[in-house]
Colleague: 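If you scroll down you'll find the structure; I have some questions about it.
Here is how names work: the chains are called A, B, and so on, in the same order as the sequence lines, proteins then strands, and each is numbered from 1.
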2 protein chains.
Amino acid sequence: METPNLKMLAQQLKLSISTVSKALRDSHEIGEHTKKKVAALAKKLNYQPNPHASSLRKQKSKTIAVVIPEIANNFFSLAINGIESIAQERDYHVLIYLTHEDYTKEVNIIKHLQGGRVGGLIMSLSLATKKFDHLHELTKHNIPIVFFDRICHEIETAKVTTDDFQGGLAATEHLIINNSKHVAFASISNTISIDNKRMQGYLEAINKHQIKTSNTSIIKCSNNDTNNYNKFKKILSGKKAPDAIFASVEKLAVTIYEVCNDLNIKIPEQLKVICFSNLTTAHLMKPSLSAIKQPAFEMGKEAASILFKHLDKNRTFIPNEHIVIKSSLAARGSTAIK
Amino acid sequence: METPNLKMLAQQLKLSISTVSKALRDSHEIGEHTKKKVAALAKKLNYQPNPHASSLRKQKSKTIAVVIPEIANNFFSLAINGIESIAQERDYHVLIYLTHEDYTKEVNIIKHLQGGRVGGLIMSLSLATKKFDHLHELTKHNIPIVFFDRICHEIETAKVTTDDFQGGLAATEHLIINNSKHVAFASISNTISIDNKRMQGYLEAINKHQIKTSNTSIIKCSNNDTNNYNKFKKILSGKKAPDAIFASVEKLAVTIYEVCNDLNIKIPEQLKVICFSNLTTAHLMKPSLSAIKQPAFEMGKEAASILFKHLDKNRTFIPNEHIVIKSSLAARGSTAIK
DNA sequence: AAAATAGACTACAACGTTTTCGTAAATAAA
DNA sequence: TTTATTTACGAAAACGTTGTAGTCTATTTT
């Protein structure tokens with residue numbers, strides 16, 4: 001079946017293409033009677049304007065890209081949910097790109113996006129990203145970026161995060177108050193912003209409560225589960241094993257649980273565990289997992305709202321702004337006093 | 001900064017636009033020397049062809065849509081992961097649309113897609129979808145659909161699922177072999193294909209092993225968690241409570257766990273539970289959750305491969321084909337004999 | 001030597017919109 | 001009545017590509 005276009009409508013109505021176009025967009029130049037007729041036929045034929053022609057002509061598209069490290073992750077899928085909900089409301093379209101925590105992939109995706117496929121993007125950095133030339137380049141090409149969660153300080157734009165410092169502080173204090181004497185912090189990367197902030201919060205709590213630390217207090221993990229497993233195993237079976245760990249991200253807590261299962265270490269009796277997490281089944285785990293829950297959905301919504309607001313106004317430069325949305329601590333079994 | 005286009009390259013190289021275009025696409029009409037020069041400048045200026053112009057001219061775009069009910073769900077996010085991995089490989093782009101299990105939203109999304117924004121789509125039906133006019137309409141407009149998981153039999157095209165019947169049979173038999181006497185099936189919807197297949201498997205096992213059933217053996221749930229909670233609560237605290245439930249989908253098992261926690265029903269002693277699931281933390285739950293694990297990632301990859309194969313060849317009609325990828329049963333604590 | 005062919009390039013139309021500029025008729029102001 | 005102004009429409013030029021149909025020179029064939 002032939003997809004209807006303006007020409008087809010114009011012929012059937014014995015009008016010019018421009019009149020039809022204007023009528024559909026409710027221009028004041030067109031009479032009410034004509035508008036009605038055009039709208040009726042458009043509806044009948046289920047006319048949908050060709051988005052490529054429109055984007056080409058207007059030199060902008062109602063499409064954004066979401067560039068994130070991974071999607072099989074509760075935080076990011078909730079964030080997409082938030083982004084998509086706003087996009088659907090505002091008639092924007094959402095392209096998904098996954099970097100898989102790979103710097104080269106991230107660069108290639110960004111390079112490609114310079115072609116003008118999207119009006120802007122919402123992004124969370126890969127763990128491997130330490131240089132930001134590709135991002136500077138993109139903004140130079142008038143494609144704005146809004147960062148969320150793993151933000152990039154080097155780029156002047158809007159950034160949406162949760163209160164990572166406060167969360168880190170609260171998580172650590174929660175462990176301390178619940179009788180932990182040697183609290184460790186498990187970091188997923190020393191480059192990304194949020195990990196750092198959470199560690200700052202951890203350190204603040206450590207200092208405030210004068211908790212003793214050792215050289216294993218800060219456990220430097222990576223994105224490699226096996227390596228992390230071995231590292232935790234070594235530390236937890238060692239002499240100076242901590243009696244509590246605050247894990248920067250969910251996956252580290254999962255690995256810690258696995259190590260504890262295998263080493264027969266009892267949570268929370270021998271080791272208390274808390275982490276940033278959006279697991280829907282945290283309360284059903286053994287033991288139930290205490291967590292700082294990030295407002296992932298809201299963060300996505302906020303990031304999208306900011307971006308769309310600027311795109312709607314043809315503003316390709318977004319001034320610095322840091323939106324912080326509060327997270328909440330859910331105390332559960334993994335940090336209980338027994 | 002000005003985004004480079006063919007005209008710009010042509011001017012700098014003192015060549016015509018068409019020469020530059022052809023050189024970049026490695027046409028035999030262009031001499032090697034010229035090709036080199038063009039490629040060099042294109043790289044230097046980081047030229048990216050304008051996708052809208054290209055799509056408009058070629059009347060097709062290397063973009064597909066993924067239309068799914070939700071994303072904050074391990075199965076679907078893994079499937080997207082699979083789709084995206086193939087897309088990135090083949091230089092396709094992926095638009096995400098969520099129906100939130102809402103028929104009207106699904107129809108609107110599909111209607112919009114008729115405009116030609118995408119070359120085809122990968123789709124899993126919403127729970128609420130019982131009519132398929134919008135899908136027929138879309139295929140009439142030469143936009144092919146590949147279904148996965150929640151497939152639509154009415155449309156002639158490729159469909160990718162797991163072996164839902166076998167999975168349902170295996171899950172139910174697993175419960176029976178582990179001494180369950182009254183095995184119930186929790187259904188999420190009586191309209192969607194997979195739920196039905198799983199129930200067929202359940203019924204087959206029930207018949208084969210001559211298990212007695214009652215009017216509460218098939219528990220008709222919906223997408224409303226609260227309603228489901230109350231329904232389970234009523235059944236599990238009733239006289240003829242089952243001693244095992246095979247839940248069609250993950251979220252129902254989660255609700256069952258919650259009900260059991262609240263009613264103090266011990267899993268697996270008093271109630272065994274198994275379900276189709278892709279929870280990464282199934283082994284860390286209390287008790288660990290036995291599950292039929294769907295090959296979500298592979299299903300996504302397969303669906304994407306089929307679609308791209310046809311799009312690359314400009315075939316907008318995809319003949320009927322049903323790809324079935326095996327799922328696997330992981331027996332864990334929730335179905336253990338105690 | 002004339003004719004055919006190959007090689008390397010250019011001109012131009014088209015894809016479907018949007019938008020600026022015209023223009024004719026109808027109405028209002030002078 | 002003459003001159004402005006408003007109303008309602010149409011013509012045509014973009015937007016950046018791609019592909020067809022040339023064009024011109026150099027080489028090969030007859």
Colleague: Between T162(A) and Q294(A), do the side chains contain a donor N or O and an acceptor N or O under 3.5 Å apart?
Modeller: no
Colleague: Report which part of the nucleic acid S55(A) touches: base, sugar-phosphate, or nothing (heavy-atom distance under 4.0 Å, all strands).
Modeller: nothing
Colleague: Please report, rounded to the nearest Å, how far the C1' atom of dC9(D) is from the CG atom of L13(A).
Modeller: 14 Å
Colleague: Can you tell which of dG16(C), dC15(D), dA11(D) lies closest to the side chain of Q59(A)?
Modeller: dC15(D)
Colleague: Figure out the CG/P separation between L6(A) and dA12(D), and round it to whole Å.
Modeller: 18 Å
Colleague: Sequence neighbours excluded, which residues qualify as side chain to side chain contact (heavy atoms under 4.5 Å, CB included) partners of L78(B)?
Modeller: A72(A), N278(B), A296(B)
Colleague: Specify the separation, in whole Å, of atom CD1 of I30(A) and atom P of dT7(D).
Modeller: 13 Å
Colleague: Could you state the atom-to-atom distance from NZ of K62(B) to C1' of dT17(D) in whole Å?
Modeller: 16 Å
Colleague: Could you state the atom-to-atom distance from NZ of K14(B) to P of dT10(C) in whole Å?
Modeller: 13 Å
Colleague: Within this structure, what is the NE2-NE2 distance for the pair H134(A) and H136(A), rounded to the nearest 0.5 Å?
Modeller: 10.5 Å
Colleague: I want to check one thing: is the phosphate of dT17(C), taken as OP1 and OP2, less than 4.0 Å away from some side-chain N or O of R25(A)?
Modeller: no
Colleague: Below 4.0 angstrom, which residues in residues 38-47 of chain B have at least one non-hydrogen atom near DNA chain C?
Modeller: none
Colleague: I want to check one thing: is the phosphate of dG16(D), taken as OP1 and OP2, less than 4.0 Å away from some side-chain N or O of N5(B)?
Modeller: yes
Colleague: Please check if the side chain of T139(A) supplies one atom and the backbone of P144(A) the other of a donor-acceptor pair under 3.5 Å.
Modeller: no
Colleague: Give me the distances for all protein-to-nucleotides 20-25 of chain C N/O pairs that come in under 3.5 Å?
Modeller:
residue, atom, partner, partner atom, Å
dT20(C), O4, K22(A), NZ, 3.2

Colleague: Give the rounded distance in Å between these two atoms: CD1 of I17(B) and P of dA21(D).
Modeller: 20 Å
Colleague: Does a side chain donor of either N320(A) or K159(A) reach within less than 3.5 Å of an acceptor in the other side chain?
Modeller: yes
Colleague: Partners of F132(B) by ring-ring contact (aromatic ring centres under 6.0 Å, His included), sequence neighbours excluded?
Modeller: none
Colleague: CG of D26(B) versus P of dA8(C): gap in Å, rounded?
Modeller: 13 Å
Colleague: With DNA chain C as reference, determine whether N50(A) or L15(B) sits nearer its 5' end, using the nearest nucleotide of each.
Modeller: L15(B)
Colleague: Report yes if at least one side-chain N or O of T19(B) is closer than 4.0 Å to OP1 or OP2 of dC9(C); otherwise report no.
Modeller: no
Colleague: What does S21(A) touch in the nucleic acid at a heavy-atom separation under 4.0 angstrom: a base, only the sugar-phosphate, or nothing?
Modeller: base
Colleague: Taking only side-chain nitrogens and oxygens of T34(B), does any of them come within less than 4.0 Å of OP1 or OP2 of dC9(C)?
Modeller: yes
Colleague: Only distances under 3.5 Å count here; give the side-chain donor-acceptor pairs of residues 86-99 of chain B to other protein atoms, sequence neighbours excluded, each with its distance to 0.1 Å.
Modeller:
residue, atom, partner, partner atom, Å
Q88(B), NE2, L98(A), O, 3.3
Q88(B), NE2, E84(B), OE1, 3.3
Q88(B), NE2, E84(B), OE2, 2.6
R90(B), NH1, D312(B), OD2, 3.4
Y92(B), OH, D312(B), OD1, 2.8
H93(B), ND1, Y97(A), OH, 2.5
H93(B), NE2, H112(A), NE2, 3.2
H93(B), NE2, R117(A), NH2, 3.3
Y97(B), OH, H93(A), ND1, 2.4
T99(B), OG1, E101(B), N, 3.3

Colleague: Taking the six-membered ring where the residue is Trp, are the ring centres of H153(A) and F147(A) under 6.0 Å apart?
Modeller: no
Colleague: To the nearest angstrom, how far is K60(B) atom NZ from dG19(D) atom P?
Modeller: 10 Å
Colleague: Under the rule for ring-ring contact (aromatic ring centres under 6.0 Å, His included), what residues qualify as partners of F75(A), not counting sequence neighbours?
Modeller: none
Colleague: Hey, are K35(A) and E32(A) close enough for a salt bridge, meaning a charged N less than 4.0 Å from a carboxylate O?
Modeller: yes
